[in-house]
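So the structure is just underneath, and the comments pick up after that.
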Amino acid sequence: MRKYNIVVAFGAALFGTLIMYFGRDLSGFEDGVPGENYWPSIIAWLFILLGALQLLEVIFFKGTRAEKKVDLSSKPVRMAYLSALVSGIYGGLLLAVGFVAASLVFVPSVMALMGERKIWVAATVSVAVVGTIYVFFALVFNTTLPSSVFFE
Amino acid sequence: MKKISVLFVALLSAIGGQALAQNITYPTKNIEVVIPKGAGGPTDTATRTLIEFAKNKMPKGIIFVPDNKPAGNGVAGLLDVAKSKPDGYKLVMTTVELAMFPHEGKSPVTYADFTPIVAGVADPVVLVVKADSPYKNLKDFIEGAKAKPGKVQMGNSGMGAVYHLAALNIERKLGVKFNHVPFTEGASATVASLVGGHIDAIITGPSAAKSQVDAGALRILGVMDTKRFELFPDVPTFQEALGQDLGLHMRAWAILAGPAKLPENITRELTTAFGDVVKSPEYQAAIKKMGIMPVVIVGKDAAAMMKEDHDTYKVLIEESKKK
Amino acid sequence: MNDILTAASAVFSLHALLMIFLGAFAGVIIGALPGLTVNMGIALLMPLTFTFQGMTGILMLLGVYCGAIYGGSITAILINTPGTPASAATILDGYPLALKGEAGRALGLSTMSSLVGGLFSAICLVLVSPLLAKVAVGLSAPEYFSLAVFGISIITSVSSLSIVKGLMGGALGLFIAMIGLDPMTAGFRYTFDSVYLMGGISFVPVLVGLFAFSQGMVSMEDSYRGGENRKVQVPIKRILPTWLDMKRVFPTQMRSAIIGTIIGAIPGTGGDIASYVSYTEAKRWSKHPEEFGHGSVEGVSAPEAGANAVAGGALVPLLTLGIPGDGATAIMMGAFMVQGLSLGPLLFTEHPVEVNTIFIGLFVANLMMAAIGFAGLRSSAKIMDVPRRILVPIVLTLCAVGSYSVNHTMIDVFVTMGFGVLGYILLKLDFSMSPIVIGIILGPMAETNLRRTLVMSQGDYSVFFTRPVCATFLVIAVMTLFLPIVGPKVWAWWKKRSGGPALVEAEGKE
């Protein structure tokens, strides 16, 4: 954790600097009244200050949770990233083929990723989920679901 | 072979017939109406009433779904519809700010990006103070403002929006200076703040202040129009109250519009339906209760009003920048 | 008296009761679905109300309002996903309690607290609405600012693992909320010429991403770490909370109900703020603050009682002044207007029957909400038994659909996923999600009112200290901010000191 705490400290300071950099063209004070850059610069300084505090904590308070292991790359974690990637592809599919078709692919894929091996379970759940969501969102509450850009 | 060609013709005519049916029965699904203002404000209530009465003119089961998108003084909502497909399923209640923002560099879209259908509101703006305010009439108020320049707190619903420009116009023509306090939360927030006595005066639409004025909590000092406002016949116009014509006429309109290049048949369908609504006595009675004067400005007339104000504000904003 | 009887007969007709029931039922479902919020629920169902005669439509909306605020807690407790922003605070203790195998107890408590909060605020609405309305309009920009700062100061109490990282999360939330148009000058900030960013990043997709999507990723990781390792649920023997639990949480419920009613009455603040403030105050006054975050019964009750009390509070300025207290009542205002009721000071004298109908209707709506909650408790608690390999894909799909339905743009769906991944990594680094959410909720309120105050005072900062209400809140905020940091140390010091002399005395006797 110690290594990551230092990364977090510098990350926060960097973020604060970036906020200031991208806010440089905003107006400061006008006739003694704060302008557009007032609040962003408060937040930017807050980030820098918190980054410094974090660094002080790492240096002077070694104790708490410093020994905790941070796992950002083992296999289970990589599977979590994979699930996010699959969801991203799902987002693309929603745009391409609309809600029903995309979800009928997505739901069983995630189930397979999580270790569901019985095909009939995957099929039933997918159809039930898509059907229920469709009924509630589209029919009962009258909101639109993502639809394909190709057919409309 | 003959059988097949018969089938083929039948199929073709079925498809053709369906396409034809689709043309006639626009709309076939719910129509989204974007309201680029906060819920509960004058634009919001006017829109919701308008679409409620228009529902009866639509095929059964089709409703208008109002969607408030007040972010960024309403520019987000305007952009959303201007960029949408011109299929008649996404409309927006454009407001008078559409005639101002482009000149202030705040809106990438102008009136030319929309197809106007009907005006829901075209009300003059009014200057309101608290009932126990020391300013009994407009002359008092202007003199009070002259006595302490930059001290009288004037509430508006967003810098660069109609009520702020109206205040700027007063400043320019009468040689006073206000302390402008913007309330991006909307007109009802300015009224709340005035009722609480936190600011000295506000410029707003008559409908936002109506219930408080009726109850005797607030007082309208003047109407920025050429004639008195029908729902408040006792309130003088600026011209009457000040005894001189300074051309202080500002109106806040709200025009329901679709994106530009809306197909002719859809535009016709919508203007006919909404034209009937704004002429109906039931609708007129309902909006009068809210403090809005019914107007019948449909289609081309609405387009003309949008263009006229676009040009007016261009001049006004450029002048105010020179100062 | 006659007015009350007429009003009662209007509410207790079969048709009206059925409509309140249907409204509350639809509300619970809307609230439970992540992405569909209270405001959306009311906006979606409002067009239906126009077709009803008289007050029936408004009664149905009251049902939707109460039901939707409550519904969000079901998903919060069972799948660690706030159904609505108002139940984000319920997660803090609701989900840990459910993980302990006590989902039934958590749901029973949240339902009961929602009922208590709702009924209390309804009583306030009937009895003291003129007074509350006076309080609400008496607040000006400096008070709003101090209230927002007070809300933000809660961050240190809800970030359990690292206070510095909690504050960083809060700052991140403030930054996210800042993107878009400047609230005072209406100029662009950090939009990088993107049309999407000009409107600002929508709150609900961020919320769904941080909580629900990241939770999906955590479950995925867990399934590769050794499968289903969750506790077996305690079988639900009773639906109502036990007398012991009720006795313990009743003071918390009352405190939260008062907080919720007042926050609801203040225009521009709503359930999301009320629930977090209630949670912090519950923790501050609790005899067992160490249980908070690990399934405290008070921690489950407080946010729900607070959030549901907002309903009655928000109706106060709406009915008495014609000024809506939150987004939901703002939408309801349209329904009132269409029925020919002009809200404001004259409503009570001109339409006494309608006013009483709303009063009685609010009580009935709260009771219906609780009845639906208790009746559905057993079946909804079964969600805990659904294997995660089935639940996770459902949650991820709901994330996508829910965030899409907020603004009907696919960008929001990708925003959800992006914040989901960010949340997942931040969780690993000991960050908490709540501070980010608090920053987003309160950032605009803090900035707008800070700058509005300075516009009104023309750059003079002294107003923040000369106005008593404002100064009081700022002092409480500073205390709330630093107490969790220095509190434990002072406590230890005091214990040592008070333990010290006693020890000396004991020694002296010998």
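Chain letters run A, B, ... following the sequence lines, proteins first and then strands; every chain starts at 1. Atoms considered below: every heavy atom in the structure, side chains included; atoms not considered: hydrogens, waters and symmetry mates.
Each of C/L321, C/V137, C/L343 has some count of heavy-atom pairs under 4.5 Å with chain B, and the biggest count is that of C/V137. When each of C/I323, C/L318, C/T329 is scored by its heavy-atom pairs under 4.5 Å with chain B, the top score falls to C/I323. If you tally non-hydrogen atom pairs under 4.5 Å between each of C/N449, C/L347, C/L139, C/T448 and chain B, the highest count goes to C/L139. When each of B/S211, B/A217, B/A285, B/P108 is scored by its heavy-atom pairs under 4.5 Å with chain C, the top score falls to B/S211. When the candidates B/D214, B/V181, B/N179 are compared by the number of heavy-atom contacts under 4.5 Å with chain C, B/N179 comes out ahead.
Neither the backbone nor the side chain of B/H164 comes within contact range of chain C; no heavy atom of the residue lies under 4.5 Å from a heavy atom of that chain.
Side-chain N or O atoms of B/Q212 include none that pairs as donor or acceptor with a backbone N or O of C/G344 at under 3.5 Å. Checking side-chain atoms of C/S140 against main-chain N and O of B/H198 turns up no donor-acceptor pair under 3.5 Å.
Residue C/M184 comes nearest to B/P182 through the heavy atom pair SD-CG, 3.4 Å, listed as atom of the first residue, atom of the second, then distance. Shown here for B/T184 and C/R452, the closest heavy-atom pair between the two residues is N-NH2, 3.9 Å. The shortest non-hydrogen separation linking C/M456 to B/Q153 is O-NE2, 2.9 Å.
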